[in-house]
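Okay, so here's the structure we're looking at.
The structure displayed is predicted, hence computed values, not measured ones. Along the sequence shown, residues are numbered consecutively beginning with 1.
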Amino acid sequence: MSDPNQPNDPDAGVPPQPGAVPPQQPYAQPAGGPQQPYAPSAAGAPLDAAQDKQWAAFAHLGGILWFLPSLIIWLVFKDRGRLTDQEAKEALNWQITWILAWVASQVIGIIIGSFTYGVGYLLFGLLIPWALYIVNLVFSILGFVRVNGGGTYRYPVNFRFIK
């Protein structure tokens with residue numbers, strides 16, 4: 001008969017098998033005290049002129065894919081380069097303006113389409129959004145080319161939501 005207060009280990013006294021994985025040790029605080037909290041990371045290094053121009057141009061080109069590339073570039077690099085901050089804000093404001101125009105076109109298309117048996121939706125819900133996308137494509141590429149060439153770019157019709 002065995003002692004009920006002793007742990008029941010069936011492998012007691014048996015040597016470990018070759019290739020056997022030892023059991024994982026439980027997680028514990030490292031010796032010497034509690035773990036130090038993570039220090040906040042320092043701000044990124046400032047961009048040099050070539051990188052500043054590159055990310056500023058990419059902010060405009062990212063508008064082809066929607067507003068997220070411009071937003072991400074602005075959030076990540078706004079404090080690291082003056083040109084990137086300026087051009088990413090411009091591109092982001094254009095994307096917001098474009099999205100608002102697209103949503104307004106869809107809403108108008110639904111309203112007019114309900115009165116014209118779908119003909120109004122064909123114009124405002126399908127054709128005008130395609131034209132808006134082509135305008136977005138052209139302006140985004142123009143912005144990319146102008147900034148990549150060393151200049152700045154201002155969209156012709158742009159509400160400046162982000163100052």
Could you see if Val107 belongs to whatever hydrophobic cluster contains Tyr117? Use Ile, Leu, Val, Met, Phe, Trp, Tyr and a side-chain cutoff under 4.5 Å. no
Looking at Ser105 and Phe124, would you say the former's side chain and the latter's main chain have a donor-acceptor pair under 3.5 Å? yes
Flag, side chain of Ser114 to backbone of Ile111, donor-acceptor distance under 3.5 Å: yes
Going by the rule salt bridge (charged side-chain N to carboxylate O under 4.0 Å, His left out), which residues pair with Arg154 if we only count those two or more places apart in sequence or in a different chain? Glu90
Rounding to 0.5 Å, atoms CG (Leu132) and CD (Gln106) come to a distance of 9.5 Å
Taking only residues at least two apart or on different chains, which pairs with a member in residues 45-63 satisfy salt bridge (Lys or Arg N to Asp or Glu O under 4.0 Å)? none
Side-chain heavy atoms under 4.5 angstrom apart, residues restricted to Ile, Leu, Val, Met, Phe, Trp, Tyr: same cluster for Val119 and Leu127? no
Side chain to side chain donor-acceptor pair (under 3.5 Å) contacts touching residues 139-149 (sequence neighbours left out): Asn136-Ser140
Atom pair CH2 (Trp55) and CZ (Arg80), whose distance is rounded to the nearest 0.5 Å: 9.5 Å
The remaining residues in the hydrophobic cluster of Leu122, counting side-chain heavy-atom contacts under 4.5 Å among Ile, Leu, Val, Met, Phe, Trp and Tyr, are Ile110, Tyr121, Leu126
Heavy-atom closest pair, residues Val157 and Thr97: O-CG2, 4.3 Å
Counting only pairs under 3.5 Å, give me each side-chain donor-acceptor contact of residues 61-78, with atom names and distances, residues two or more places apart or in other chains.
unit_1	atom_1	unit_2	atom_2	d
Ser70	OG	Ala59	O	2.8
Trp74	NE1	Asp85	OD1	2.9

Report, as yes or no, whether the 6.0 Å neighbourhood of atom CZ on Arg160 holds more than 12 heavy atoms from other residues, nucleotides or ligands. yes
With a 4.5 Å heavy-atom cut-off, do Ile128 and Ile108 have their side chains touching? no
One should read off an interatomic distance between Asn93 CG and Ile162 CD1, to the nearest 0.5 angstrom, of 5.0 Å
In Å and rounded to the nearest 0.5 Å, what is the CH2 to CG distance from Trp98 to Asn158? 13.5 Å
Pairs meeting criterion ring pair (Phe, Tyr, Trp, His ring centres under 6.0 Å) with involvement of residues 126-163, two or more places apart: His60-Tyr153, His60-Tyr155, Trp94-Phe139, Trp94-Tyr155, Tyr153-Tyr155
